[in-house]
Amino acid sequence: MAAEIFPAKKLASPNSNTVQQFHQQNLNNNNTIHAPNWQGLYPTIRERNSMMFNNELMADVHFVVGPPGGTQRLPGHKYVLAVGSSVFHAMFYGELAEDKDEIRIPDVEPAAFLAMLKYIYCDEIDLAADTVLATLYAAKKYIVPHLARACVNFLETSLSAKNACVLLSQSCLFEEPDLTQRCWEVIDAQAELALKSEGFCDIDFQTLESILRRETLNAKEIVVFEAALSWAEVECQRQDLPVNIENKRKVLGKALYLIRIPTMALDDFANGAAQSGVLTLSETNDIFLWYTAAKKPELQFVSKARKGLVPQRCHRFQSCAYRSNQWRYRGRCDSIQFAVDKRVFIAGFGLYGSSCGSTEYSAKIELKRQGVILGQNLSKYFSDGSSNTFPVWFEYPVQIEPDTFYTASVILDGNELSYFGQEGMTEVQCGKVTVQFQCSSDSTNGTGVQGGQIPELIFYA
């Protein structure tokens, strides 16, 4: 992402090619400008000031940035830097200021330091996914709050199950409570995806403990157990320990007992945790007794299941009905578009069932954004003949961004005659989330805003 706070105006002068040449030279080569009247090429102080960015011209300080073996020497101008940062002001003009021509900064990456300088000199925010965390660190260190806020916004926008665990550990380090909360929202709702991501193995021990303690983690406990073992394997490598069962248990330490092993399905325990080798023989025996014995042994493991998340249901019809000649299914698609005003996670749809007694349906559900499939699943559900709705779930909840229309679709196969919704609403308030509906061009079986199928969106918020 690259954005300018104050976009530069295009110059109408005949020297525009010269301007571009000098600008590119300044960004790439760190060269001094040799034009005798270069100031005349730029009509604003912002543009003239930006020419000093990463430029040796009039530089009165230099920074050696980066760790040993990966340093980069960058020029600076004390006045410009002091105007942009209170830390630089104290460094150059404060009571304890030192008159150094060269300053070493081993704890900041060169690319991140350059991104900060570009903001200070040019009022331009230029962030990239692979350097934004390092840039946030630099902005925090030198107290450049607007750049730090832009970094946090960038991270929140790019937040997903793949990077939520890593960003959680970083947000705690940077003391960014809003980002921390957003990370937890993603980790809770898409827990299994987050735990299976490569980034989960990169977190520190403190973050691991906080995740394993999480009451609202929406995941099977066997997935939590397997994720912890994957983390332990990588941690052994980080500590230069042989990767074996003993060392995995060693690096997990007391965090092992935060995994709620007794709450696993018996099959998951017997075929997974019990045979992993991480548990002692005594622990394995006691947990088997916990499952089967009337008098249960005391365990070090938490034996109470996590609460997880309670799904919310957005019902878009005010009534439902059935008639002798509809609603019929012949492999056609029922579809509706929707948008929300807050970020949510769609877990599945609530669907009507047969109006002619109990039967089983096969349902292919799908969620798309601008034609791109974000989630789909093929499953069966049993309809008891009532007018109730029946949940059909995606394999993993799908993250839905606000103020964008998504397409929900279903193809049903089963008893042709079904209940259908009537008196559909274009806008529904569901808790703190407002959902808007509109007709979808993908719908080929008659479903629309006013009536039809897909009566409910099931989501976490």
Side-chain angles (χ1 to χ4, degrees), residues 190 193 311-340 344-400 404-426 428 430 435-460:
Q190 297 181 303
L193 282 176
Q312 298 184 44
R313 293 175 177 245
C314 174
H315 198 92
R316 68 188 189 92
F317 295 125
Q318 299 180 70
S319 65
C320 70
Y322 69 91
R323 299 192 188 108
S324 59
N325 62 343
Q326 61 175 331
W327 204 267
R328 293 182 177 274
Y329 301 109
R330 299 185 181 91
R332 294 178 179 175
C333 178
D334 287 287
S335 184
I336 193 72
Q337 287 192 319
F338 69 93
V340 294
V344 301
F345 301 86
I346 297 292
F349 305 146
L351 304 178
Y352 289 125
S354 170
S355 59
C356 302
S358 60
T359 189
E360 186 178 63
Y361 281 98
S362 173
K364 179 183 179 182
I365 60 174
E366 194 172 76
L367 193 60
K368 294 190 295 185
R369 177 182 179 181
Q370 297 177 345
V372 178
I373 296 176
L374 304 177
Q376 60 182 1
N377 200 16
L378 179 62
S379 62
K380 295 181 183 296
Y381 70 95
F382 182 78
S383 162
D384 60 7
S386 71
S387 60
N388 296 330
T389 59
F390 303 92
V392 180
W393 307 94
F394 289 105
E395 184 178 4
Y396 302 110
V398 181
Q399 182 169 310
I400 300 298
T404 301
F405 273 95
Y406 292 78
T407 302
S409 302
V410 59
I411 297 176
L412 289 169
D413 184 20
N415 193 319
E416 284 192 0
L417 295 177
S418 167
Y419 288 92
F420 59 92
Q422 296 184 130
E423 301 178 278
M425 296 172 282
T426 58
V428 179
C430 188
V435 187
Q436 292 182 318
F437 293 97
Q438 67 180 28
C439 294
S440 168
S441 59
D442 291 351
S443 190
T444 58
N445 199 44
T447 288
V449 172
Q450 297 301 317
Q453 259 290 1
I454 318 183
E456 287 181 338
L457 300 177
I458 306 174
F459 65 93
Y460 302 114

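No hydrogens, no waters, no symmetry mates; every other heavy atom, side chains included, goes into these values.
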From [atom1] ([X]) to [atom2] ([Y]), nearest 0.5 Å:
X: T389; Y: Y381; atom1: OG1; atom2: OH; answer: 9.5 Å
X: S387; Y: F420; atom1: OG; atom2: CZ; answer: 12.0 Å
X: F459; Y: F349; atom1: CZ; atom2: CZ; answer: 13.0 Å
X: M425; Y: Q450; atom1: CE; atom2: CD; answer: 10.5 Å
X: E456; Y: C314; atom1: CD; atom2: SG; answer: 8.5 Å
X: I336; Y: F405; atom1: CD1; atom2: CZ; answer: 9.5 Å

Handout entry: Those residues that, when tested against F317, pass ring pair (Phe, Tyr, Trp, His ring centres under 6.0 Å) (two or more places apart)
Key =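 Applying ring pair (Phe, Tyr, Trp, His ring centres under 6.0 Å) to F317 gives none.
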
Exercise for the section: Look at the side chain of E423 and the backbone N and O of Q318, then say whether any donor-acceptor pair between them is shorter than 3.5 Å. Expected result: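 Looks like no, no N/O pair under 3.5 Å.
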
Handout entry: Heavy-atom donor-acceptor pair, R316 side chain to I454 backbone, under 3.5 Å
Key =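 Yes, the answer is positive, given that a donor and an acceptor are paired below the 3.5 Å cut-off.
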
Under 4.5 Å between any side-chain heavy atoms of [X] and [Y], yes or no?
X: E366; Y: C333; answer: no
X: F394; Y: I458; answer: no
X: Y419; Y: S383; answer: no
X: F390; Y: L351; answer: no
X: L457; Y: Y406; answer: no
X: I400; Y: L367; answer: yes
X: Y352; Y: Q453; answer: yes

Problem - Closest contact, heavy atoms only, V392 versus S379 - result: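 Closest approach of V392 to S379: CG1-OG, 3.2 Å.
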
Problem - Residue pairs passing the salt bridge (Lys or Arg N to Asp or Glu O under 4.0 Å) test where at least one lies in residues 384-400, sequence neighbours excluded - result: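 Listed by first then second residue: nothing to list.
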
Handout entry: Residues that P397 engages under side-chain contact (heavy atoms from CB on, under 4.5 Å), provided they are two or more places apart
Key =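 If we apply the side-chain contact (heavy atoms from CB on, under 4.5 Å) test to P397, skipping adjacent residues, the hits are Q190, F345, Y460.
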
Practice task
Go through F437 and V428 one step at a time and tell me if the side chain to side chain contact (heavy atoms under 4.5 Å, CB included) criterion holds.
Solution key: CA-CA 8 Å; F437 293 97; V428 179; 3.9 Å; yes

For residues 355-364, tabulate all N or O donor-acceptor pairs below 3.5 Å that involve a side-chain atom, not counting sequence neighbours.
residue, atom, partner, partner atom, Å
Y361, OH, S354, N, 3.4
Y361, OH, N415, O, 2.9

Problem - Listed once per pair and sorted, the side chain to side chain donor-acceptor pair (under 3.5 Å) pairs that draw on residues 438-449, sequence neighbours left out - result: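 Found D334-N445, D334-T447, S335-S440, Q337-Q438, K368-D442.
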
Exercise for the section: For N388, check side chain to side chain donor-acceptor pair (under 3.5 Å) against everything at least two apart and list the hits. Expected result: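 Scan of N388 (side chain to side chain donor-acceptor pair (under 3.5 Å), adjacent residues dropped) gives S386.
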
